[in-house]
Amino acid sequence: VRDTEQPVTVSLRLGVRQLIRLDEREQVLTSYLWTRQEWTDELHRWNKSDYDGLETIHIPGRYLWRPDIVLYNSVDGFAPPADTNVRLRHDGHLTWDSPAIVRSACPLDIRLFPFDSQRCPLTFGSWSHGAGGLRLRAGGLPGGGLEDLVQPSGWQVTGLTVSDGTSP
């Protein structure tokens with residue numbers, strides 16, 4: 001980052017692949033997610049014409065700075081992310097796709113059982129950077145983030161709402 005006074009804006013997009021388990025007694029949701037994080041790093045730009053038109057390269061994530069986004073309401077602590085490749089474009093735009101199996105706290109209200117409806121929030125954020133260092137923007141993957149969902153038995157997933165906390 002050239003200007004350390006400006007925060008890095010990171011787009012976090014989520015897709016829910018599978019709700020593996022909802023433990024009603026423990027109030028814990030186990031989910032299989034696909035995550036996509038995108039940001040720009042001006043220090044990783046190149047002129048395509050200098051490299052025979054090369055537009056994009058893939059680099060092992062361990063060789064680059066990556067956002068330290070964690071699931072705040074994890075019940076298992078913070079596991080390191082999968083060490084997948086990061087896609088780097090000539091203009092400095094980086095895209096990091098990574099799968100994750102997470103276990104999160106999910107407060108349940110079963111007073112209307114069996115006609116109840118539950119909301120299980122997943123709260124993500126940077127572990128070490130405040131808003132002055134990293135600005136997180138949230139969004140779903142194309143199709144609402146549920147197009148590849150394997151429907152769990154006993155539950156019907158009716159939607160996925162993603163918010164970055166900047167609007168009601």
Side-chain angles (χ1 to χ4, degrees), residues 1-23 26-46 56-108 118-149 157 159-168:
V1 178
R2 290 193 196 280
D3 184 358
T4 59
E5 299 297 317
Q6 295 298 315
V8 174
T9 299
V10 176
S11 168
L12 174 63
R13 301 166 64 124
L14 297 175
V16 179
R17 177 66 176 128
Q18 184 178 12
L19 298 181
I20 297 170
R21 181 168 190 234
L22 179 58
D23 184 327
E26 297 294 324
Q27 298 192 23
V28 171
L29 174 66
T30 305
S31 309
Y32 174 34
L33 307 176
W34 287 341
T35 66
R36 172 170 289 168
Q37 296 179 54
E38 298 179 278
W39 67 98
T40 299
D41 185 338
E42 309 86 25
L43 300 177
H44 285 93
R45 293 181 177 171
W46 67 89
T56 304
I57 59 175
H58 292 81
I59 300 174
R62 65 184 167 274
Y63 295 122
L64 295 167
W65 175 86
R66 294 177 293 176
D68 63 341
I69 306 302
V70 297
L71 177 63
Y72 286 152
N73 61 326
S74 170
V75 298
D76 292 331
F78 305 124
D83 192 23
T84 56
N85 286 341
V86 176
R87 196 167 45 253
L88 171 58
R89 281 194 332 222
H90 68 92
D91 60 359
H93 183 85
L94 294 107
T95 303
W96 179 27
D97 294 328
S98 180
I101 293 179
V102 299
R103 289 177 14 102
S104 57
C106 180
L108 300 176
Q118 304 298 331
R119 295 180 62 89
C120 295
L122 301 174
T123 306
F124 291 89
S126 170
W127 184 248
S128 62
H129 300 282
L134 191 145
R135 180 179 300 129
L136 189 60
R137 294 288 177 239
L141 290 172
L146 293 174
E147 68 276 0
D148 294 313
L149 176 69
V157 178
L160 170 67
T161 303
V162 180
S163 168
D164 59 18
T166 60
S167 58

Over all atoms of both residues, closest heavy-atom pair of Arg135 and Pro7: NH2-CG, 3.3 Å
Shortest non-hydrogen separation from Asn85 to Pro60 and the atoms involved: OD1-CA, 3.3 Å
Main-chain N/O of Val10 paired with Arg137 side-chain donor or acceptor, under 3.5 Å: no
Pairs flagged by side-chain hydrogen bond (donor to acceptor under 3.5 Å, both in side chains) wherever residues 58-67 is involved - sequence neighbours left out: Arg62-Asp83
Approximate separation, where rounding is to 0.5 Å, of Gln37 CD and Arg13 CZ: 12.5 Å
Set of residues satisfying side chain to side chain contact (heavy atoms under 4.5 Å, CB included) with respect to Thr84, sequence neighbours excluded: Ala82, Trp96, Ser98, Pro99
Heavy atoms of other groups near Arg21 CZ, more than 12 under 6.0 Å: no
Distance, nearest 0.5 Å, that separates CG of Asn73 from OG of Ser104: 5.0 Å
For His44, side chain to side chain donor-acceptor pair (under 3.5 Å) partners two or more places apart: Asp41
Smallest separation among heavy atoms of Gly125 and Leu136, with atom names: CA-CD2, 3.9 Å
Reported OG1-to-CG distance for the pair Thr95 and Leu88, which is rounded to 0.5 angstrom: 9.0 Å
Test side chain to side chain contact (heavy atoms under 4.5 Å, CB included) applied to Tyr72 - qualifying residues, sequence neighbours left out: Val70, Thr123, Trp127
Spacing of SG belonging to Cys120 relative to CG belonging to Leu22, to within rounding of 0.5 Å: 5.5 Å
Taking every non-hydrogen atom, the tightest pair across Thr56 and Trp46: N-CZ2, 4.2 Å
Where at least one partner belongs to residues 71-80, residue pairs that pass salt bridge (Lys or Arg N to Asp or Glu O under 4.0 Å), sequence neighbours excluded: Asp76-Arg103
By side chain to side chain contact (heavy atoms under 4.5 Å, CB included) - contacts of Ile101 (at least two apart): Ile20, Thr30, Tyr32
Test side-chain contact (heavy atoms from CB on, under 4.5 Å) applied to Leu71 and Leu33, Leu122, Thr35, the passing residue: Leu122
Atom of Gln27, atom of Leu108 and distance for their closest heavy-atom approach: OE1-N, 3.1 Å
Considering all heavy atoms, the nearest Trp39-Val86 contact: CH2-CG1, 4.5 Å
Test log, rule side chain to side chain contact (heavy atoms under 4.5 Å, CB included), inputs Leu134 and Ile69: CA-CA 10 Å; Leu134 191 145; Ile69 306 302; 4.1 Å; yes
